[in-house]
Number of protein chains: 2
Amino acid sequence: MIKSGRITIHDIAEKLNITASTVSRALNDHPRISDLTKKAVHKMAKQLNYQPNHIASALRSGKSRLIGVIIPTANRAFFSSVVRGVEEIANSLDYKVIICQSYDDPEKEIETIDALLSARVDGIVASTGKQTFTFDHYQRIIDKKIPLILFDRGNQDLKVSQVVIDDYRGAYQAVKHLLDQGCKRIAHFTSVSKISIYTDRMRGYLDALRDANIPIDHKLIIEGDLQLEDGRISMEKLLRLKVRPDAVFSSSDFGAMGAMQVLKEHKIKIPEEVALVGFSNEPFTAYTDPPLTSVDQMSITMGKITAEAFFDELKTDKSNFIPQKTVLAPELIIRGSSLKCIPEPKAI
Amino acid sequence: MIKSGRITIHDIAEKLNITASTVSRALNDHPRISDLTKKAVHKMAKQLNYQPNHIASALRSGKSRLIGVIIPTANRAFFSSVVRGVEEIANSLDYKVIICQSYDDPEKEIETIDALLSARVDGIVASTGKQTFTFDHYQRIIDKKIPLILFDRGNQDLKVSQVVIDDYRGAYQAVKHLLDQGCKRIAHFTSVSKISIYTDRMRGYLDALRDANIPIDHKLIIEGDLQLEDGRISMEKLLRLKVRPDAVFSSSDFGAMGAMQVLKEHKIKIPEEVALVGFSNEPFTAYTDPPLTSVDQMSITMGKITAEAFFDELKTDKSNFIPQKTVLAPELIIRGSSLKCIPEPKAI
DNA sequence: AATTTTTGTGCAATCGATTGTACAAATATA
DNA sequence: TATATTTGTACAATCGATTGCACAAAAATT
């Protein structure tokens with residue numbers, strides 16, 4: 001007799017005159033169960049419209065088949081793309097993803113971690129917030145032996161697998177590209193906050209110039225918050241210099257966009273007089289006029305690799321697991337804001 | 001004595017020489033438990049670093065405090081913003097959100113619903129896919145008495161609460177605005193697929209023209225897929241007309257963007273010669289040149305209201321619950337692509 | 001034919017929290 | 001003072017699936 005409304009393995013068992021344990025094993029394709037029984041169980045399950053209760057299963061087995069994802073905000077294309085990558089891999093393995101936003105607030109980050117641990121997720125995938133400087137809450141995840149993978153923003157001290165982009169290389173490529181276009185005075189917008197992603201990009205910028213034997217002009221390096229408005233202010237500042245730059249490499253697309261607006265207001269031609277390169281390949285960069293050259297952060301790939309790192313960790317014996325750090329090569333997307341000419345064939 | 005590693009209410013109980021049921025009630029602030037006991041329990045819980053097991057609680061209570069969200073893709077700003085709105089409300093009530101993407105694939109939609117039902121979510125919030133024409137799988141959710149709220153794309157036949165935007169009104173406002181700017185020959189890009197959102201927008205377009213006593217010219221209405229490339233093709237087509245339009249109202253921002261590119265290539269001035277209005281207020285619209293006027297779909301608000309509708313339904317007695325349909329007023333965001341002049345004070 | 005191994009299933013404990021019922025002690029009411 | 005009510009806790013069942021162990025029947029081995 002079916003009770004309230006929800007069908008359980010007991011209902012199936014009763015109908016077939018077997019026990020719930022047999023049903024459970026049949027559904028899980030246990031080798032000791034005869035094919036005959038398995039077929040009968042599956043048929044009855046379908047007939048009764050049985051829906052397994054993952055909660056019960058999770059409680060008993062200790063595996064929830066849930067992955068917690070913590071991102072600063074889902075509103076930014078980069079993060080939602082990473083999530084998409086994670087989800088793609090996770091779903092293919094019958095895992096579900098719980099997405100939580102930290103809004104770059106360490107307090108919220110802690111709450112979120114608590115909530116996810118209470119939800120008994122099998123693992124957590126996170127990008128730490130901008131304001132996060134202590135990592136005890138992340139250490140707590142590790143202490144509980146729950147796989148933790150960090151992406152985008154890494155951390156040296158935590159012994160966890162990480163997936164990051166090679167910011168240095170992305171910046172180097174971007175500046176190299178500007179040099180190839182014939183630019184000699186290349187300005188750089190960087191962040192006031194000394195997070196590694198920005199300092200790495202700065203190093204890439206500096207090294208690219210050095211390798212091209214171009215002296216560093218510190219008046220061309222401008223610190224700000226890298227938002228649109230900061231980009232505008234920074235560009236205005238550059239235009240007041242005695243000798244103008246002929247290119248700007250901004251550590252953010254928004255900064256570059258601000259610069260683009262100011263340049264256009266001053267009727268300065270892009271890229272002929274000033275070339276522009278941003279960073280992140282935000283979706284809007286394809287639609288500006290001219291379209292903005294930018295460094296793509298391989299967000300979907302990053303998500304997939306992050307998920308794979310998680311499942312690797314899940315499979316591996318905890319005792320001898322060694323965290324892996326994966327560094328992805330970014331891709332320079334060249335568009336009209338920096339492309340002065342068809343690149344000449346290289347001299348041999 | 002603490003066992004394996006995970007702390008349970010039994011461990012707390014043992015330490016305090018009380019029973020687990022008392023601990024449970026103390027933690028849930030049950031009125032029958034003395035303040036003294038409550039304090040002791042909370043203190044011990046903290047001391048032992050107790051983390052409640054939501055899985056166990058969910059199994060017993062039948063409430064998982066999880067909301068399943070089904071969206072076509074998280075990669076589009078509109079959807080990720082709606083999710084953000086849902087999450088904001090949900091989190092404030094201690095609910096978590098599980099996000100699933102259907103990729104507009106009905107098959108995947110069914111799988112997703114199964115997965116969420118198995119995860120025993122307390123409710124489901126969904127935007128149906130473009131290709132979804134049968135709704136049996138949604139009906140199944142309703143049959144199980146699990147609250148279901150639809151947003152963005154509604155459905156007449158399902159007896160569920162829905163939150164949608166007033167597409168008709170958004171379109172009407174957009175066209176009215178173009179008329180106010182002095183436009184007389186307004187073209188319209190619409191979708192080949194006859195989904196209500198597009199037919200509603202079309203009606204808004206037609207009615208606004210009629211109300212202004214402007215005859216409908218069917219050569220100005222162009223069907224396509226509303227992507228960038230379609231916008232380009234449609235615009236080229238319009239430019240070949242004997243009498244050009246002086247404005248285009250596109251049912252999508254991408255379509256409008258395509259038109260903008262073509263106009264610029266033809267050195268046609270925007271908005272002086274041809275004004276442009278899109279639909280959706282995609283983030284990139286703020287960064288085009290000129291910035292694109294568009295109809296904002298109130299995504300975050302929509303998410304919040306959707307979540308509220310869900311909690312309303314949760315609270316209400318199921319037997320006499322009446323589904324609510326909420327229609328949000330969209331907001332016209334006027335930008336450079338349509339603003340010819342400072343609007344004159346209205347004649348009395 | 002006797003013994004061992006394999007196969008198929010059942011029994012019962014378990015995961016950790018919740019909750020209806022019971023009951024003693026404390027307090028209020030008559 | 002006797003009775004009724006309130007207060008604070010304990011007991012034990014329960015949610016639904018999983019799983020170690022037991023054991024009979026069937027098959028394989030000697």
Side-chain angles (χ1 to χ4, degrees), chain A residues 2-42 44-45 48-66 94 117-122 144, chain B residues 2-42 44-45 48-66 94 117-122 144:
Chain A
I2 296 147
K3 286 167 296 182
S4 52
R6 271 334 202 302
I7 307 295
T8 71
I9 50 171
H10 291 93
D11 299 317
I12 299 177
E14 204 168 332
K15 287 261 183 189
L16 295 171
N17 274 318
I18 53 177
T19 54
S21 44
T22 301
V23 174
S24 169
R25 285 193 251 258
L27 292 172
N28 289 306
D29 204 26
H30 190 284
R32 281 290 188 81
I33 300 295
S34 70
D35 284 353
L36 207 75
T37 312
K38 281 182 189 169
K39 267 188 200 123
V41 167
H42 278 109
M44 184 58 69
L48 296 180
N49 196 13
Y50 167 71
Q51 198 107 43
N53 186 327
H54 277 173
I55 299 269
S57 146
L59 176 59
R60 175 62 227 245
S61 68
K63 314 261 113 237
S64 64
R65 298 189 88 79
L66 290 174
D94 254 325
L117 290 177
S118 283
R120 291 297 191 269
V121 293
D122 289 345
K144 289 197 191 256
Chain B
I2 297 146
K3 286 167 297 181
S4 53
R6 275 324 208 302
I7 307 295
T8 73
I9 51 171
H10 292 94
D11 299 316
I12 300 177
E14 203 169 333
K15 287 259 183 192
L16 295 172
N17 274 319
I18 54 178
T19 56
S21 48
T22 302
V23 173
S24 170
R25 285 194 247 258
L27 291 172
N28 289 306
D29 204 26
H30 191 284
R32 280 290 187 80
I33 300 295
S34 68
D35 285 352
L36 207 73
T37 311
K38 281 182 189 168
K39 267 187 200 123
V41 167
H42 278 109
M44 184 58 71
L48 296 180
N49 194 16
Y50 167 71
Q51 198 108 44
N53 187 328
H54 277 174
I55 298 270
S57 146
L59 176 59
R60 175 62 227 245
S61 66
K63 314 263 115 237
S64 64
R65 298 189 89 79
L66 290 174
D94 253 324
L117 290 176
S118 282
R120 290 300 191 269
V121 293
D122 289 346
K144 290 197 189 255

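To find a chain, count down the sequence lines: A is the first, B the second, and so on, and within it residues start at 1.
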When you measure from the side-chain N and O atoms of T22(B) to the phosphate of dG8(D), is any distance below 4.0 Å, counting only OP1 and OP2?
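Indeed not, no polar side-chain atom of T22(B) lies that close.
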OP1, OP2 of dT18(C) versus side-chain N and O of N28(B): anything below 4.0 Å?
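It does, given that an N or O in the side chain of N28(B) lies less than 4.0 Å from OP1 or OP2 of dT18(C).
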Over all strands shown, is [X] touching base, sugar-phosphate only, or nothing at heavy-atom distances under 4.0 angstrom?
X: I18(B); value: sugar-phosphate
X: S34(A); value: sugar-phosphate
X: L27(B); value: nothing
X: N17(B); value: sugar-phosphate
X: S24(B); value: base

Distance-only donor-acceptor test, [X] side-chain atoms vs [N] base atoms, 3.5 Å:
X: R32(A); N: dG20(D); result: no
X: S61(A); N: dC15(C); result: no
X: R60(A); N: dG16(C); result: no

What is the distance, rounded to the nearest whole Å, between atom [atom1] of [X] and atom [atom2] of [N]?
X: I12(A); N: dG10(C); atom1: CD1; atom2: P; result: 14 Å
X: H10(A); N: dT14(D); atom1: NE2; atom2: C1'; result: 12 Å
X: Q51(B); N: dA17(C); atom1: CD; atom2: C1'; result: 15 Å
X: L59(A); N: dT18(C); atom1: CG; atom2: P; result: 12 Å
X: H54(B); N: dG16(C); atom1: NE2; atom2: P; result: 15 Å
X: I9(A); N: dT18(D); atom1: CD1; atom2: P; result: 6 Å
X: I7(B); N: dA17(C); atom1: CD1; atom2: P; result: 10 Å
X: E14(A); N: dT9(C); atom1: CD; atom2: P; result: 18 Å

Please answer whether the main-chain N or O of [Y] pairs with a side-chain N or O of [X] as donor and acceptor at a distance below 3.5 Å.
X: K15(A); Y: A45(A); value: no
X: R25(A); Y: R32(A); value: no
X: S118(A); Y: H54(B); value: no

What's the spacing between R6(B) CZ and L117(A) CG if we round to 0.5 Å?
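These two atoms lie 7.5 Å from each other.
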Nearest listed nucleotide, side chain of [X], among [options]:
X: S21(B); options: dT18(D), dA10(D), dG16(D); answer: dA10(D)
X: R25(B); options: dC11(D), dA17(C), dA17(D); answer: dC11(D)
X: T19(B); options: dG20(D), dC11(D), dT9(C); answer: dC11(D)

More than 12 heavy atoms of other groups within 6.0 Å of K39(A) NZ
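No, because the 6.0 Å sphere around NZ of K39(A) holds 12 heavy atoms or fewer from other groups.
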We want to know whether S21(A) and S24(A) form a side-chain donor-acceptor pair, criterion being a heavy-atom distance below 3.5 angstrom.
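No, because no side-chain N or O of S21(A) sits under 3.5 Å from a partner of the opposite role on S24(A).
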